[in-house]
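Read the numbers this way: they start at 1 and go in the same order the structure lists the ligands and their atoms.
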Amino acid sequence: MENSEQKKPIILSGITPSGMLTLGHLCGAISNWVKLQNSYDCYFMIADMHAITVRQQPAELRKRTLETAAIYIASGIDINMSKLFIQSHVPEHAQLTWVLNTYTGFGECSRMTQFKDKSQVHAENINVGLFDYPVLMAADILLYQADLVPVGEDQKQHLELTRNLAQRFNHLYSDTFKVPEPYIAKVGARVMSLQEPTKKMSKSDANQNSTIFLSDSDDVIKNKIKRAVTDSGSEVKFSDDKPGVSNLMELYHIATNKSISDIELEFEGKGYAEFKPAVADAVAEYVKPIRTEFEKLMKDKEHLTKILQQGADSARGAAFKTLRKVYKKIGFVQF
Ligand code: TRP
């Protein structure tokens, strides 16, 4: 891999472990990561340092962090191919954040829409870490010289800031950071809430029936789908004015790989009463092998922790190299 001709482009992404992962994470993020593993040098993180910008229960955070790792692996992230690690295990994330802080304008962070939104939701705890969240994210990305960053719509502004910081630093000193590009998956499925299908499915939805968690049992999945909101009429048709049914069709498509037009044909002349149980069964079948593997991994936490320690060890090399370069350029005495 030292041979520069053989170097694959670098990808970095992560998820904040603030709740059990959902079918939305699997379809929107992780299953794309799985496909990218062959062609890219991938770093997949569990962003526990981002998680603490909102108050967490320590035992819960510890559990969620391991669960998130287990879901990555159960969904097909191959630890022999990709580097899978916990953010806080690689101290360079915090170290580079501090340096980048001094190149980031107060105004730049104030303009971040996620900060504004979260400040409203968590008005009782608008801490400096919440304000600094995008700079930590920039450090995550720039440490590994990532070429591409798969992110959702809600993180695009943070990636734009990352690019600005990289360019600013490179311009002030000399080429130090790769300026990363966002990676938008071509066929990214967008899974919507089962109860309010115009909203994205979210791990933090107050209504548990809105969300399919990857740890949900077959029965729970089936019940949630059977209770899902549908639209007026009874036709199984994909359209903007039928967000509930369209979302269920999307789920059926994800679970069975059948095309939307084939699904319309399959249920022509049949109502929701036949459609919904078919979706329920298909989605339960789809999630089952992932949940089974997840449960197996969670039974042996020692083994899982070891995998994560090895992941951090293999990520640190690249992180240290970048941090060293940065320290040198800004005038810190070499250690
Ligand atoms: N902030 C991201 C989220 O909540 C998670 C994340 C942290 C991330 N660091 C990152 C994503 C770096 C991409 C790159 O969704």
Side-chain angles (χ1 to χ4, degrees), residues 9-22 24-30 32-33 36 40-54 56 61 64-65 67-69 71-72 77 82-97 100-101 104 109 112-118 121-122 129-166 177-185 188 190-191 200-205 311-312 315 318-319 322:
I10 297 168
I11 280 199
L12 177 132
S13 200
I15 295 177
T16 306
S18 49
M20 183 65 206
L21 298 193
T22 71
H25 290 108
L26 178 65
C27 305
I30 306 172
N32 281 318
W33 300 355
L36 296 168
Y40 296 90
D41 187 7
C42 294
Y43 292 82
F44 298 121
M45 256 185 11
I46 300 137
D48 57 346
M49 291 164 67
H50 279 107
I52 60 166
T53 58
V54 169
Q56 302 286 333
L61 176 62
R64 293 295 182 212
T65 301
E67 282 178 349
T68 303
I71 289 285
Y72 284 8
I77 298 298
S82 301
K83 292 171 192 75
L84 165 62
F85 62 99
I86 299 175
Q87 188 182 29
S88 67
H89 284 183
V90 180
E92 285 81 0
H93 290 253
Q95 293 172 300
L96 183 60
T97 301
L100 293 178
N101 275 337
T104 311
C109 280
M112 293 291 133
T113 56
Q114 190 178 72
F115 172 68
K116 289 191 243 177
D117 292 346
K118 287 197 176 174
V121 180
H122 305 282
L130 190 64
F131 190 67
D132 204 26
Y133 181 114
V135 184
L136 174 58
M137 195 163 147
D140 298 339
I141 297 165
L142 300 180
L143 266 182
Y144 301 98
Q145 307 288 345
D147 296 276
L148 292 175
V149 184
V151 279
E153 212 40 58
D154 61 329
Q155 299 295 317
K156 266 193 169 160
Q157 199 185 22
H158 295 162
L159 197 63
E160 204 42 53
L161 175 72
T162 304
R163 288 170 53 83
N164 289 338
L165 292 178
F177 296 123
K178 178 90 203 177
V179 180
E181 302 281 339
Y183 179 91
I184 311 296
R190 222 169 116 82
V191 178
K200 209 169 99 172
M201 183 179 282
S202 159
K203 62 189 166 194
S204 43
D205 202 305
T322 301

Closer than 3.5 angstrom, by distance alone: can the side chain of S13 be matched with the main-chain N or O of P150 as a donor-acceptor pair? yes

Heavy-atom closest contact (D154 atom, K200 atom, distance): OD1-NZ, 4.3 Å

For L159 and E181, which heavy atoms make the closest approach, and how far apart are they? CD2-C, 3.9 Å

Numbered atoms and elements of ligand 1 in range of H50, under 4.0 angstrom, heavy atoms: 7 (C), 9 (N)

Give yes or no for whether the N/O distance cutoff of 3.5 Å, strictly under, is met between Q87 and ligand 1. no

Strictly distance-based, threshold 3.5 Å: is any side-chain N or O of T16 a donor or acceptor partner for the main-chain N or O of S18? no

Distance to 0.1 Å, residue and atom name: give those for the protein heavy atom nearest to atom 5 (C) of ligand 1. G14 O, 3.5 Å

Within ligand 1, which atoms have a heavy atom of Y133 less than 4.0 Å away? 1 (N), 2 (C), 3 (C), 4 (O)

For A47, counting its heavy atoms only, list the atoms of ligand 1 lying under 4.0 Å from any of them. 7 (C)

Ligand 1 versus D154, non-hydrogen atoms closer than 4.0 Å: side chain, backbone, both, neither? neither

Can you tell me which residue and heavy atom of the protein come closest to atom 9 (N) of ligand 1, and the distance to 0.1 Å? D140 OD2, 2.7 Å

For L12, the ligand 1 atoms with a heavy-atom partner under 4.0 Å come out as 12 (C), 14 (C)

Heavy-atom pair of closest approach, residues Q145 and I10: O-CD1, 3.8 Å

Would the H25 and Y72 ring centres measure less than 6.0 Å apart? no

Short side-chain to backbone donor-acceptor contact, Q56 and A51, under 3.5 Å: yes

Hey, can you tell me if Y144 and F85 have their rings parallel, tilted or perpendicular (30° and 60° cut-offs)? tilted

Once you restrict to heavy atoms under 4.0 Å, what part of V149 touches ligand 1? Side chain, backbone, both or neither. side chain

Output the list of atoms in ligand 1 that are nearer than 4.0 Å to some heavy atom of V151, sorted by atom number. 13 (C)

Would you say S13 and ligand 1 have an N/O pair spaced under 3.5 Å apart? no

Side chain or backbone of Q155 under 4.0 Å from ligand 1, or both, or neither, by non-hydrogen atoms? side chain

